[in-house]
Structure formats: structure tokens, C-alpha cells
Amino acid sequence: MSSEINELRDSARQVMDGSGLAAAENESWALLGELGWLMVSVPEEAGGLGMGLEAACALQIEMGRGLATAPYLSALMSIEAVSASGAASELLENLMAGADYVAASLADNAVQCSASGDGVTLSATLCAVPSADKASHILVSSDEVLALVPADSVTLTATATWDTTRRLFEVELEGVDVPASGVLARGADAEAIAAKLAVLRDFSLAADAAGGAAALLDVTVEYLQTRRQFGRPLALFQALKHRCADLKAQVVAAEALLLDNLGRLGGGNDALLAQAARELACTVYTGVGEESLQLHGGIGMTSEHVCHLFLKRAMLDEHLGAPVDSYPQALAAALLEASA
Amino acid sequence: MSSEINELRDSARQVMDGSGLAAAENESWALLGELGWLMVSVPEEAGGLGMGLEAACALQIEMGRGLATAPYLSALMSIEAVSASGAASELLENLMAGADYVAASLADNAVQCSASGDGVTLSATLCAVPSADKASHILVSSDEVLALVPADSVTLTATATWDTTRRLFEVELEGVDVPASGVLARGADAEAIAAKLAVLRDFSLAADAAGGAAALLDVTVEYLQTRRQFGRPLALFQALKHRCADLKAQVVAAEALLLDNLGRLGGGNDALLAQAARELACTVYTGVGEESLQLHGGIGMTSEHVCHLFLKRAMLDEHLGAPVDSYPQALAAALLEASA
Amino acid sequence: MTQAQSTDTLRQEIRHWLADNVPSGWREAMTNVEQEAFAQAQRDWFRKLVDAGYATPHWPEGWHGGGRSLAEQKVIFEEVARADAPRLIMFFVSLYHAACTLFECGTQEQQDKYLPGIIEGQVWCQGFSEPNAGSDLASLKTRAERKGDRYVINGQKVWSTMAQYADRCLLLVRTDKSGPPQAGQTYLLLDMKAKGITVRPIHQITGDDEFSEVFFDDVEVPVEDRVGEEGNGWAVAQATLASERGLTLVELGQRMRYSLPMITAAMREAGREDDASLRHELGKLSARVDATCALADRYLMRRISGEEQVGDASIVKLYFAETLREFTRLGKRVAGLSGQYDRGFMRGATQETGNWMVDFMNSYNWSIAGGSNEIQRNIIAERMLGMPREPKTWKLEG
Amino acid sequence: MTQAQSTDTLRQEIRHWLADNVPSGWREAMTNVEQEAFAQAQRDWFRKLVDAGYATPHWPEGWHGGGRSLAEQKVIFEEVARADAPRLIMFFVSLYHAACTLFECGTQEQQDKYLPGIIEGQVWCQGFSEPNAGSDLASLKTRAERKGDRYVINGQKVWSTMAQYADRCLLLVRTDKSGPPQAGQTYLLLDMKAKGITVRPIHQITGDDEFSEVFFDDVEVPVEDRVGEEGNGWAVAQATLASERGLTLVELGQRMRYSLPMITAAMREAGREDDASLRHELGKLSARVDATCALADRYLMRRISGEEQVGDASIVKLYFAETLREFTRLGKRVAGLSGQYDRGFMRGATQETGNWMVDFMNSYNWSIAGGSNEIQRNIIAERMLGMPREPKTWKLEG
């Protein structure tokens, strides 16, 4: 990771620390715009900072670490979509400034699309759309079409998850007519952008998981250091030490793979690099979550302690993106194909 | 388990202890006949002891514990086949006395069978046939036919495995003509007996694994008690203690399931009971094998120490019977069917 | 009538009774309700079970419903699980912990005073665990000072089930600080309406609040409500903890087994019933679930035959807790994103709600409470395998 | 020329060289052969690599092949892995351990005396590990008594690679029993032809015998063959152990990655390439293998940039050892019964033979030797996470 990105990450950590573990969504959203975090990966010629996906992931690591509430990934996906499609620069500027928010689904969805005059008619149920109630538009992305749908033409249903750090919605489109001006791309262009969005999404989920796992392990070790039982600190018990050491190795490995794979982007296998990073990091995060709760004992079972917030976010991260089991299947399919 | 079977098991343990961990095959084979272990599960009316599969498994547990070399399971399968088919009692007597040995495959095999006069013509490659070089006949079992094939009409190939406590052969039958006298059963009868043999086989593998796992864990704990490092016995290190405790729980669970399922036989789901016992016990045995080698450290890597003998037997046990992954698949299929 | 015939008859009886009496749709009715509604449902169900004689099978002969063998008690627990009947969470302490402690260690006066109330539906809670003690029961800090014919209590207890509904409390206190930590403990029967008691429900990560913290500020307990001698509380507490004799894990194992179809149903819902990867895990899990039941059964049988050995109970509990974790983990995997949705909390539902995140989180109740997995591993290693205990004294380097 | 260009050029060079020079069919040729045949093949391969300048890239500039950057050394190791070339097992101690120790801690005379011999093909072995010490290097018992201008050695070493072929030995001995165990150690360069040395190969569970026990009976070593001061051996040994600087794990990680097709091939052979259960495990494994390589790479980069922190190396080794175990376990599962057949031992083949039981057993070389997984976990917990060290003194209960 370049020193530029290391600096970005350091400053992000300071910001996250400053606003506490989980700043309110409104507050942190405003901050995102102010700090320019929404423009990090937009090319310089489009008015962004041109620091690429590595920078976005560096920030996402810190946001995972700090249990950030703002819909950063969703916003980045929309910004990437608008930027990649070369659409109106005014919209892009507003999005990058945080003045406007277009919500994107963090799941794979089936979209029905038919031509309608110059525009299209769309039907779909989009799952896992973060903070959709704050969005002006919803991004609809499929291999056929990439479009912006006004929020007032869809039906939103809040789908509360156990992870209270994020607010997800189900977005229902029932034959919504989108004029040509709302269609960002079609056909092969739309497919190419959808692929890029999946890479952004999977890497970002990996980053959130890598950051969260590292933070939760820190919390857990600190707890074991502090808490005494049978007349000695829990951290003295070798069985617990060894479990923490195993978790540490896994956390470091997940981050190593994430950063290494980010460094390999552009070689024609971006999707696989993102999927591998996502698969390992989310597996590690849920593993750290499971172990941390056990290591905390009773206190971890109470909502007073921060432990469960990480655990629940870990579990949700694991089920965002493509279906959880599709990741190892995709990696295996690639290996089998390569050796055919 | 009844007190009668407990007594049998106690005496078996004394015998196994007496002959050391792994008595030579010739020696222990003779003992099997003398002690009457080959007749335990044959019904009393057929000249056996009528103690059922529970008794056979009690003995197999102890033989697994003692790394027995004699082809007990193979012999029992042949005896069961002959007994179940109601064939000549003289043969059965010889088999039960250990005066004759008919070898049976411990794997699933494809058998081609065609009618030939009163008898049949058989072609097959039988894997994992123990001590086939000592057998007068080879048992061929399929859903179509159950037959005894003279050993001089087949081709034997020694297939050495890493488990040096057992000697396996591949038996090749190329269109061997078997007269009617050699055909023990056909059609539905053969199928029913094949099913019984699979139950005997799977339970026996579970028993071997349960016994071996328990013995290996004993060996390992004793080693940790004796061996000192960093100025204290290894057994004092909590991380190692906890790993031993987990293994202990698994070993006890595997034996509990084995004995419990043996007690449920005859309720119409014998195959599943055997498969579940086999699945768990073999998984536990390989797990104990893996952990024990690690816990032994360098000494476990040398052939001077007994650890590797158990490990290799565990690994082979896991791959005897039906293909290893077919066990969980069968259990899952049954659950899905029951809830359909 | 042989023993087997007698349990068979009982099994048929209770099976029919449960078919007629288990409140239909109780799980749905207990979803997203206030705790009082749950408490009322518990009272109703308690009344029915008591009246039918199925709530007190472990009480001595002569008491209503009492005099059943351990084998018969097992049948009742198994059938309750099979019928997916509610667990008597609010009355478990009174029916088992309190009653058995009184039968074993209480005076005739104490028995006469308290046992009838239990049958009438008095709620008891347990006051053993303390904050920051975890599984270290011996580290007890709540103090009781003898003043004339009373003890005066100051301190704090935690993880007390349904304490806000409790009439009385089984309270373990420290009366002497000198000597080893297990000595100097005294066992009291506390009136929860006494002055100076504050009960504060604990907000759990599932949204449940069945456990409470209990604070004592100069609370007085008459000396006649002491069980056993002063300083002998540790031994009495062991009797309390041993009172259910493995029956709970027989029941929980069976509940888990009967819940396996929740996973196959989830596979079908996801259109993945033919997925070899899920089938592989399901098959492996099912063998483990069966083994859990076999372990619990065999443990109870050994208790019946008097062959129980130290550590046996630890194996059953550890294995159950780990298998339950795997069970809920697989359910969570199969359910995918929809398993992450918060569908509300089902009160008294233990870990078979099919709301997989709740079930998963609740599985920690069994790996943490009642002696954590780590404590069970210590017991197995030290007391079954004979490995050395944790050093008593130690000194850090440097 | 930038650094990236220079490593790219080197990569192309060595890739071509390896394509022309790796002995074709070496794995088959090394199967079921006596050790002497293996030793001869090692000598031949050593000669080729040395002559091409690829065996000593880590030596200082001025030495044949020397003066390569760590980044360039990494390229060589990666390409050797990619080409599935034999590892220089018999010469690793001489080229890395001995040479780096001499460069870092040896006198000019010692360097002049020994380094040319190493390039000419002298074999060195390591005499650090002792029986019953396991990963506890500090507990060293082999004694050296100073008598005039000689040390007289008595004791025993174990796990010495290819000691029966060794000309010299890096020997760690105890010269002082007082004081803490890490003090009082002295580092000697021993002539393996000296009187009083007995080498006994260890029969491994794989059938291999590449390791030996070495016994010392009044073996004399001249004082001028001591490296560093008397009593300073521990520090010199650290330099020895650090000499390969993570390159081995870069190579081994790459070898594992390049061996993943062995599993897909086994799946095809078993007709199970579409089995979702195997694919699930393979996919998970492949992410772990990639992470192992990423860890090793990033560790080396941190060494290059001087940012290495204590414990970093432990994570790389632990994670590699565990991933390798999973790798061989999956291969074993796919291979089924046929994977259990003893197809003989392939010498010098590490753990990528496709003979899955051998590969599985060999995976323990990495979880036990060179600091077991347990030791690595201690280091990570204590020195990275700051958890307390194992108590120095302790007292058992009772």
C-alpha cells in the first residue's frame, strides 16, 4: 500500500475514533462529503481524487473498524456507476459532495427490463438497499441495463436486520417507466459496469470485514487483559491466549489477501480477486465474532457491551453481496476451468 | 450394554493387552478361533453364541484399541453371509472355528453377474480384501448375487496401504464360473444379505475407530504427562489440556452413538444407524489421529513411537466401507426424505 | 408390570395429554410480546402441568405427582420435547432447584413452609452468579452479616432468571472471608419482597430480558431461613445445581433432534435441497445431534445405576453446546440474507425458533452459562484425564 | 533501470534457465530410491544452480552470484517454485545458515576458511535441536568443556537434516550451567569427520530418513572454530535462524498454490469435478492458499523496508502450516481409498507429491519443526497481542 493511502487510512482512523465507535448516520454522512471520502476513487479527470479502489477500501477498513453507520458502499457504487457511464457531471458532483444520495443494492437481484419508447420499463425487488429512505434515486443495475429510478416511483420496505449499525430496505419496482435520461447504460456497457460494481462491492465488504475483525479482536484481548477470574487475569490462561493468537493470524491473513489482491487489479481477473478477498475476510470476521462472544462470557451477551454490534455486523456482511456459498463455488470453478 | 457384553469386552481387553499392541496376524488369528470370537454373533440355533452384533462390536472396539492385525471383520462378514443364507453347516463350523477363512471386501464394489447353467459367471474388481492370500474362498456380494469363489480362480494383487496393521488385496475376477453350490443367495435374498453385511461392516468400522481413538487419546495424554518442556510437564499447559478435553468429549460421544445405535437395531432403519455411527466414529478417529501427532511433536514423526500406527489405521478406517463422503450424504438424504 | 412397561404406559399417557393440552401456536403468540404476557402464559402452563401431575415427578412419593423413577422423569422430558411444548422457564428454579434443595438439605419446618407454595405457583429465582465472577462461583463477594436472629445482606447478584417475577430467592452469600474461597459461604432463602432489594432486567443481545441483576442494600433474612449450617453453603449449592440430574440435557438434545427438519425446510425454501455441500454438512450434523442425545441418555442411565463419574456431566454439556452452535450455524448459512432479518424475539423459545440469528445467539446461553465450555474442558482434562490442575500460585516473568 | 525492471529481467532470465535445466521427471526418479541417489541428484542440481549464479544471490557482492537484493532473491525462490524444481535440501544449511552466520558473526579467518568450501559443495548440518527439548531451544544440554585450546563435546543432537552427508556442523553447546538457560551457550563450527561422532538416521513415519540423531562422545573442537564469544551462542543462533529471512515461506506458499491443480486433477479422476461439497472446500482452501502467499510476500516486503515487527514471522509460519494441513486433508478426502495406498516415498519432494498420505504426514514438518504451532501461538499472543507470558514459577495444587 502506498504511503499516500497509508496516510489516508491514518487520518480516517482519527476521524472514526473522534466520532466514537458508531456515529449517528446523519452526522457521519455529512462528514463523508466534507472529507471528500466519496470522491477518492473517481478519476481526477471526472473531478475525483483518482486514488482508486485501494483508497476506498482503506477507508472502508476504518469504517468497518469503527462500525460506521453511513451508507458509504452504496453511495460509492452509485458514484462509480454514474462516473463509469459518463453521465451528467452535475449529478456526479452532487453525489461526490454528499449533497445527493443514490442508493444501490448490496445484493444480487433479478431485474426485468423491457424497452419503452426511448427509455425502459423496469420490474424488480431489490434487497439490501442501505438508507433507501434518504435517497433521491435508486440505482438499478443488471447485465442488461443500468438506470437511476426516482425514489418516489418505488415502494420501500424497511427490512430491519440484527445489525443496528446499518438500515436496509427492500425496494420494489413494479413496471416503473424510466425515460432515456435515467438510463445510464445498456447492453454490453451495462454488463461491464455491473461487473465493476460487483468488484467494488466485494472488495468493500472484505474491507469492512477486515477492519471489523481487527477491531473486535482488539476489544476482546483488552477485555481478557482487564478481567480477572480465579484470581488471575483471563489473558493469562494459555487456552485463551492460543485462541486469540489463531484469530490474530487469521485477521492478518485476511487483510494481507485483501491488500495483495487490490494490488493485482487490472490483470483480467478482478472479479476473482474480489471474491477471494471477500470470501476470506467475511469468514474470518464471523469467526472472530463467534469466538469473541464466547471469550467475553456473560458480558458479551448483554447489549451494554460493544461485542454484539461487531458480531451482528459480521454476520450481515457475510450475507451481503452474492449469496454466501457462491463465493467458494466461484473460486473453485475458476480453478477447475484453469486446469481443464 | 448388557453386563454379559461388558464382561466380554473386559476379557477381550485382557487378551489384547496380553498380546501386546499389535500381535502378529498368524498368532492372533489362531486366538480368534480359540476364544470363540468368530461365533459371537451367529445365532445359537446355527451353533453360534447368539450374542448379536453388539458383542461383535464390543470385541472390535478392543481390537481397534489394540491395533489388531487379524482380518476379523472380513471373517465375520463371510460368516454372516454363510449363516444368513443357511448354507452348509460344516462350512459355517469351520469358519467359526477359524479353521477356514473366507475373505470379504471391506469396500463397495461393482459386480457383473450372468447366469451360467445352474450357477453364475462373475466379473468384478474387489477392493480392500483383507488377508486374501490366506483365504480359501472370496466372498462376492452384490444386490444380485451372493457367492463363494475359490481363491485359486481369482487374481490377487497386494495393495499395501500406510496402515501396516492390516494387509489388503485387490481381487480380480474375470468371468469366473461359479457352480450352483457356490451361490449362497440370489435376487432379493442376496440383496437383503448384502444390506445386512453393510450394517455389520459399518458398525464394525465405527467400533474399530471408537476403540482406536480412545486408545490413542490415552497414549497422548500419558505422553503429555511424562514429557517436560520449559521446565514443566506438557500436560500443565492449558491450551493442550483443552485440546485433550475436546478430544475426550468427541471420543466419548462417538462411543455413545455407537452403543446407542446398536441398541436400536431392528427398527427398520439399521442401515442409517450404522452409517451414522460409522460417520461420527471415523471422523473422530482421524481427528484424534491428527491432533495426537501434533501433540506428540517430533517424536510422533518417528516410526519408533506407536502414534503413527493409530493415525494410519484411522485414515484407512475412514476410507473403508462406502466412499467416505457417501455417509453424510446418506444421512442427509434420509432427513430430507423424512421431512418431505 | 415391568419398568419398561411402566414407562411405555406413561409415555402413551403423557403423549395424549400433551396433544390435548399444549397451547397451540404458543410460539407465534409469544413473539414480540411484553414479558408479562409471557409470565402469564408460563403460569397457565405451569397450572396445567402441575394439575396433571407432570410437573413434580421428581418429588418424593406422597407429594402431588411425585414418586416417579428417574426413567419415568426422562420419559416426561422427552415427550415434552417431542411435543414442542413450552419449557417451564419461570418455574424451573422452584420445581427443581428450590424443591430438591429443601428435600435434601432443608429442615422439616422449611419444607412445610415452602414446598406447598411451590406447588401453588410461587416463583423462585437463583442468586448464585455475581458480576465479574463468570464461572468462578467460589469467588462470591455478596456479604451477609449476622445481627442477632437475622442476616443482613449487601451486594449484587446477576443472571437471575425471571427475578422480577420471583417471590423468593435461593441466595448464596459470604459469611466469612478468612479461609479458602469455597469455605465461608452460607445458603439462605430470601423473600424477594423484603426491603432493600432492587431487580434490574439485563438487556440481552437478542432483545430478551429474562435475566436480571439483583442488588441488595441491607436486606434482612431471618436465621431460620438458612439452609444447612453457616459456612456450609457451598455444599448446599452443589445439591441445588445437581437437582435436575441431566434431565434438561435429555430434553434439549431431543428438542434439537426434532428441530432438524427446520434445516431441511430452510433448504427447500432456498431451493437448495439437492445441494451436495449443504447435504454434507447436514449429514455430519445429524450424526452429532444423535450423539448428543445418546450422550445425554447414557449419562442419565449412569445416574440411575449409580455409575456416574466425575466429568461425565461436563462432556454432555460441552458436546451439546458445541453441537447446538453448529446446528444454528448451519441454519444461518442456509437461510442466507433472509436469516439476517430481525423478525422479533420469541419469548421462552430457547433456540429452536427458525429465526436463525436468534437461535445462534441463544446457543451461547449453553456455552457460557452454567459453567462455560472452558470450565467444562478444565474439568474433563483435570478430573477425567488426570492432567494437572491450573497452578494455584504463579508468578509472571520480569 | 528501476528496481521493478531489474526484477522483471531476472524473472525472465531464470524462468528460461529453469525451463532448460530442471531435471525432467525428477520426482519419478526420486521415488523409492536409496538416499545416496538422492544425495547425488542434490549435488548435481547444486552444481548447476551455483554455476548459474542462482544459489548464492543473498551472499555479499563480490562473491560468485552474490549481491542480489532481497526482492531479487524473492524472484528466484518464486520461479524455482513455479518450475517445480527440486529444493536444495542438502545444501540449505550451508548456503543460508552457515554462510549468513559466517558473514554476520564470523571472523575474517573463519570466512576465508569456510565460505569457498561451501561454494564448492561442502555439506553442512545444523546441531541445535536436542531430544526431549521440542521447541524449547534454551533448554540445551549438550556440554562443551574447555580444555586448553579445544572444546570437548559430549551429548546428543536430533533432527539434523542430512547429517550423514555433512562435512561440518553448526553446533550449539552449553559451556556454562549457571545463570538463565539462554545464557551459557556457545556456538561452534564442528568437523563432522572428527573422532567421537556417531550419526544415526531417524526412521520417519513416511519412510523417509532425511533427519538424523547425532551423538558426541568426547569430540574435540579447536577454539578458533568458535563463532562469537563463549556464552554468546544464543545470539549467534538467532542470526543463523533468521538467515533465510522468510524466503522459504515465499517459496513454499507458491509451491502450494501451484499444486492446487493436483486437487482438481484428483476430483476429475474420481469423477467428482461437479461435486458442490468438494468445490465448496476447494474454493475456501484456494482463498487461504492465496492469503498464505500474500502473507509471505508482505512479510518479506516488510523485511526489505525494515518494518518487520516481532511476531510477524510467527503468523506467516502458523498460517502456512495450517493451510498446508488443510490442503493435504482435502486431497486425501478427494483421493478416497486410493489415496491410502502406499506408493512409496519420493525423496526431497516436500509435500506436493500427490501421494496424499505422504503429503499429509509431511505437512507436520511445518507445524512441529522450527518452532511448533504452539510456540508460534505463544509468541503471537505474548509478543504481538501483549498477553502475559506463561508464569515463570508455578506451584501445583494439593
- Task: Output, in order, the C-alpha distance, side-chain angles, deciding distance and verdict of side-chain contact (heavy atoms from CB on, under 4.5 Å) for A:Arg232 and A:Phe237.
- Result: CA-CA 9 Å; A:Arg232 62 202 76 179; A:Phe237 288 100; 3.8 Å; yes
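- In this structure, C:Arg288 is not positioned above the aromatic face of C:Phe327 in the sense of NZ or CZ being under 6.0 Å from the six-membered ring centre and within 45° of the axis.
- The contact between A:Ile299 and chain C is made entirely by backbone atoms, counting heavy-atom distances below 4.5 Å.
- In this structure, chain A has heavy atoms under 4.5 Å from both the backbone and the side chain of C:Ser367.
- Interface remark: C:Phe360 contributes side-chain atoms only to the contact with chain A (heavy atom separation under 4.5 Å).
- Side-chain atoms of C:Gln351 and C:Trp366 form a donor-acceptor pair, as typed in the model, at a separation below 3.5 Å.
- Heavy-atom distances place the side chain of C:Arg329, and not its backbone, under 4.5 Å from chain A.
- Heavy-atom pairs under 4.5 Å with chain C peak, among A:His296, A:Glu318, A:Glu290, A:Lys312, at A:Glu290.
- Donor-acceptor pairing under 3.5 Å is recorded for the side chains of A:Thr283 and A:Glu279.
- A:Ser131 and A:Glu25 share a donor-acceptor pair across their side chains, judged by distance under 3.5 Å alone.
- At a 4.5 Å heavy-atom cutoff, the contact between C:Asn373 and chain A is made by backbone and side-chain atoms alike.
- In the displayed structure, A:Glu172 atom CD is contacted under 6.0 Å by more than 12 heavy atoms of other residues, nucleotides or ligands.
- Using a 4.5 Å cut-off between heavy atoms, C:Leu337 contacts chain A through both its backbone and its side chain.
- Ranked by non-hydrogen atom pairs under 4.5 Å with chain C, the options A:Met315, A:His308, A:Gln294 are led by A:Gln294.
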